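This report concerns only the one structure given below.
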Amino acid sequence: MNTILKEFFDIREFESKKMEGYISQNFRITSNDVKYVFKIYQIEPGDAELLHAENLVLDKLNELDGLNFPYPIANVNGENLTIKSQSGETKGYRLLSFVDGRFFSEIEHTEALFYSLGSFMAKLDKQLLTFRHTAIEARKIVWDLQYLLLNEKLIENITDPKDARIVNYFFLQYKENILPVLNDLRKSTLHNDANDLNLLTHNGQVTGIIDFGDMVYGPLIMELAIAITYAVMGKDDPLKWAVPIVKGYHEVLPLNEEEIDVLYYLVAARLCASVCNSAYHKKLSPESDYITVSERPAWDLLKKWITINPLLVSNHLKAEIGLSGKISEPVDQLIDKRHKFIGKNISLSYRSPIYMQRAAFQYMYDGYGNTYLDAYNNIPHVGHQHPDVVEVGQRQMARLNTNTRYLYDLLGQYAEKLVAKFPDPLNRVFFVNSGSAASDLAIRLALNYSQNDHIMVMEHGYHGNTRLGIEVSHYKYNNSGGSGQASAIIEAKLPDEYRLGHESHGDAPGPKMAKEALLEIENKKVAAFIAEPIVGCGGQVPLAKDYLKNIYPAIRAQGGICISDEVQVGFGRLGSHFWGYEMQQVIPDIVVLGKPMGNGHPIGAVVTSPEIAEAFNNGMEFFSSFGGNPVSCAIGMAVLDVIENEDLQSNANMVGEYFISQLKTLAEKYECIGDVRGSGLFLGVEIVRDRESKKQDTRLAALLKNGLKDRKILVSTDGPYDSVIKSKPPLCFSKDNVDEVIFAMESCIKETNQ
Ligand code: PMP
């Protein structure tokens with residue numbers, strides 16, 4: 001350094017201090033009371049061109065009055081870049097003026113400061129609108145949001161799969177929302193790194209910027225997205241803080257609607273680039289902290305960002321700068337439209353239904369900018385739009401989708417993976433497309449195998465919408481519009497410990513209720529007994545302890561088949577067990593699967609023993625056009641993988657236990673909570689008039705459900721009196737989410753008590 005400074009810059013006496021640097025080694029040089037920045041580069045072919053370009057940009061920016069940019073100081077030969085080769089190594093040197101000011105990160109954050117950040121960046125960009133340089137245009141770096149996907153391979157360095165899934169989600173959204181419009185956005189030469197350690201201020205205003213090493217030529221809006229990203233880190237309300245930046249920018253360099261539309265996903269993209277590179281560098285050199293300074297705040301913002309409806313961001317920002325946002329039709333109008341072609345018994349939830357547009361894991365976004373916390377939907381088992389599931393489906397759809405009359409690998413692969421989740425002898429699978437088709441087939445298998453004709457069903461049970469499905473669903477045939485109990489149906493009373501009491505007349509309720517049910521099958525030829533381990537439509541009622549243990553042997557003694565409907569509770573939801581029947585310490589003969597199996601993609605299955613499957617092979621082909629198709633199999637496998645990779649069963653267990661304990665604490669305070677029951681993330685809260693009478697309070701349950709919806713939390717009600725609040729959220733639900741539900745529930749209860 002000494003010789004170069006002396007030889008090329010005639011600086012002999014100086015003090016130097018090492019500064020942070022990423023691309024170059026940087027030193028602050030003070031000589032004769034003048035400060036400089038001296039940069040030393042390792043020069044690879046092509047680098048010099050880029051450094052020349054950087055100097056040209058600085059010259060161009062220094063034409064601007066009142067703003068501070070470093071300016072290149074020429075060497076004794078009049079060159080802004082000094083190149084020297086020595087023993088086969090080429091190095092480049094640049095001496096720059098030192099830009100004074102306090103860093104953006106060091107000063108109080110005010111609206112005026114944020115406004116000045118926007119207008120400063122706009123002035124910089126405006127000055128460079130006509131500047132082009134081939135070396136900058138030819139760049140392809142991980143920090144260029146046009147090439148975000150270069151970072152995709154770095155995701156593997158993120159150690160927590162819960163964090164990785166958010167990054168994967170935003171990569172997917174980038175592909176869906178940014179890539180298709182990238183070429184339509186206006187481009188310019190950009191600083192591309194307006195972070196709070198590069199921005200300099202005077203008197204509470206942004207006045208300067210340093211470090212032009214990440215410059216790119218790309219969509220102008222990336223500049224603003226990056227400035228917003230760093231400035232709003234650590235803020236409780238990032239959107240509120242983004243407003244003055246956008247306003248300040250727009251005032252100097254007007255933005256258009258297409259640009260505002262991509263801001264949400266570009267902010268997410270920059271955060272993703274940041275956390276990916278932090279994770280990568282952390283792995284390379286765990287002791288260095290330079291690259292990871294913004295890691296924690298970046299993660300925090302990413303996790304907050306996903307709770308914000310993208311539409312809210314674009315509409316709010318547009319409104320603030322006088323552009324028009326996307327206005328969705330009012331709900332009433334949408335309902336009228338729907339009823340033109342869709343029957344009214346295809347019902348809608350809530351007093352005022354929700355117009356859904358997008359979703360991410362446990363969050364759902366409506367068409368008016370609201371975000372709902374989904375504490376209700378169990379179909380998106382591993383989370384709405386889980387990227388692993390979506391991408392596997394997209395890929396397989398682009399490759400092959402056909403039916404089981406052809407040979408393809410995925411059918412066998414998925415079947416093997418699925419049956420590995422079951423004990424012997426449950427190792428034969430029939431794939432269908434819904435829970436209804438699965439329970440219908442299960443009943444057919446049982447009728448065929450047993451050659452008996454009666455079917456015992458559970459009070460309030462629901463198994464499907466086919467004719468057979470309705471026939472075995474007390475919840476349907478016994479309710480309005482139903483045609484009552486068919487002659488082949490035997491009903492078992494719901495073994496509900498809350499209503500029966502844990503010890504009724506000395507007998508435990510499970511065995512006692514089993515004994516009573518078995519009285520009903522005396523002298524009848526029972527083909528099957530079908531029940532859910534926790535009766536969802538009955539109001540999330542777990543079968544009393546030891547109930548199935550006492551029922552199954554008696555059914556089998558008659559040659560009957562025991563069917564467990566795991567459509568609601570299966571795939572780890574219960575936390576303590578992967579399948580519901582395990583809670584009862586039994587092994588069924590047939591298991592019915594659906595809902596969560598494809599995370600929203602329509603797959604169902606029947607799993608049974610070779611003996612029962614073989615008996616069904618009686619000459620008549622079983623064919624389901626879509627059952628077991630390659631796309632469904634790929635998706636089903638991805639769901640199983642995600643459950644495993646993210647250890648979602650444990651999460652259901654941990655968060656579920658916390659949920660139950662918090663609900664029980666609430667129940668101690670409020671009489672109206674009669675019972676809290678269920679397991680893992682499959683819970684029921686029974687709403688009653690008072691503890692003593694246990695009388696169901698349908699009205700209050702509806703008020704609470706709608707009150708929670710008004711507070712942007714989704715739950716439903718069910719049970720014979722519609723008095724049980726059901727919560728069965730995606731398994732990525734967190735303890736913080738539970739706190740939100742509990743807080744909202746308490747505020748609803750207080751409100752309804754007034
Ligand atoms: N069984 C149970 C326990 C269910 O809850 C349902 C659906 N609610 C079904 C079967 C039928 O599944 P699908 O709606 O996919 O036909």
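In listed order, ligands and their atoms are each counted from 1. From a predicted model like this one, the values you see are computed outputs, not experimental measurements. What you see below is based on every heavy atom in this structure, not just the backbone, and it leaves out hydrogens, waters and symmetry mates.
Remark: ligand 1 atoms within the under-4.0 Å shell around heavy atoms of Glu532 are 3 (C). Annotation for ligand 1: atoms under 4.0 Å from non-hydrogen atoms of Ser434 are 15 (O), 16 (O).
Between Asp565 and ligand 1, at least one pair of N/O atoms sits closer than 3.5 Å. For a threshold of 3.5 Å applied to N or O pairs, the pair formed by Lys595 and ligand 1 contains at least one separation below that value.
The pair Asp675-Arg499 does not meet the salt-bridge criterion, since no charged nitrogen lies less than 4.0 angstrom from a carboxylate oxygen. In summary, Glu686 and Arg677 engage in a salt bridge, as defined by a charged side-chain N under 4.0 Å from a carboxylate O. A salt bridge does not link Arg573 to Glu566: none of the charged side-chain nitrogens sits closer than 4.0 Å to a carboxylate oxygen.
The protein non-hydrogen atom at the shortest distance from atom 10 (C) of ligand 1 is His463 O, 3.1 Å. Of the protein's heavy atoms, Ser436 OG, 4.2 Å lies nearest to atom 14 (O) of ligand 1. Counting protein heavy atoms only, atom 15 (O) of ligand 1 is closest to Gly435 N, 2.9 Å. In terms of protein heavy-atom proximity, atom 5 (O) of ligand 1 is nearest to Gln568 NE2, 2.7 Å.
For the pair Lys709 and Tyr372, the cation does not sit on the ring face, since its NZ or CZ is not both under 6.0 Å from the ring centre and inside 45° of the axis.
Here the side chain of Asn706 pairs a donor or acceptor atom with the backbone of Ala702 at under 3.5 angstrom.
Taking the six-membered ring where the residue is Trp, Trp579 and Phe571 present perpendicular rings, their angle passing 60° and hence far from 30°.
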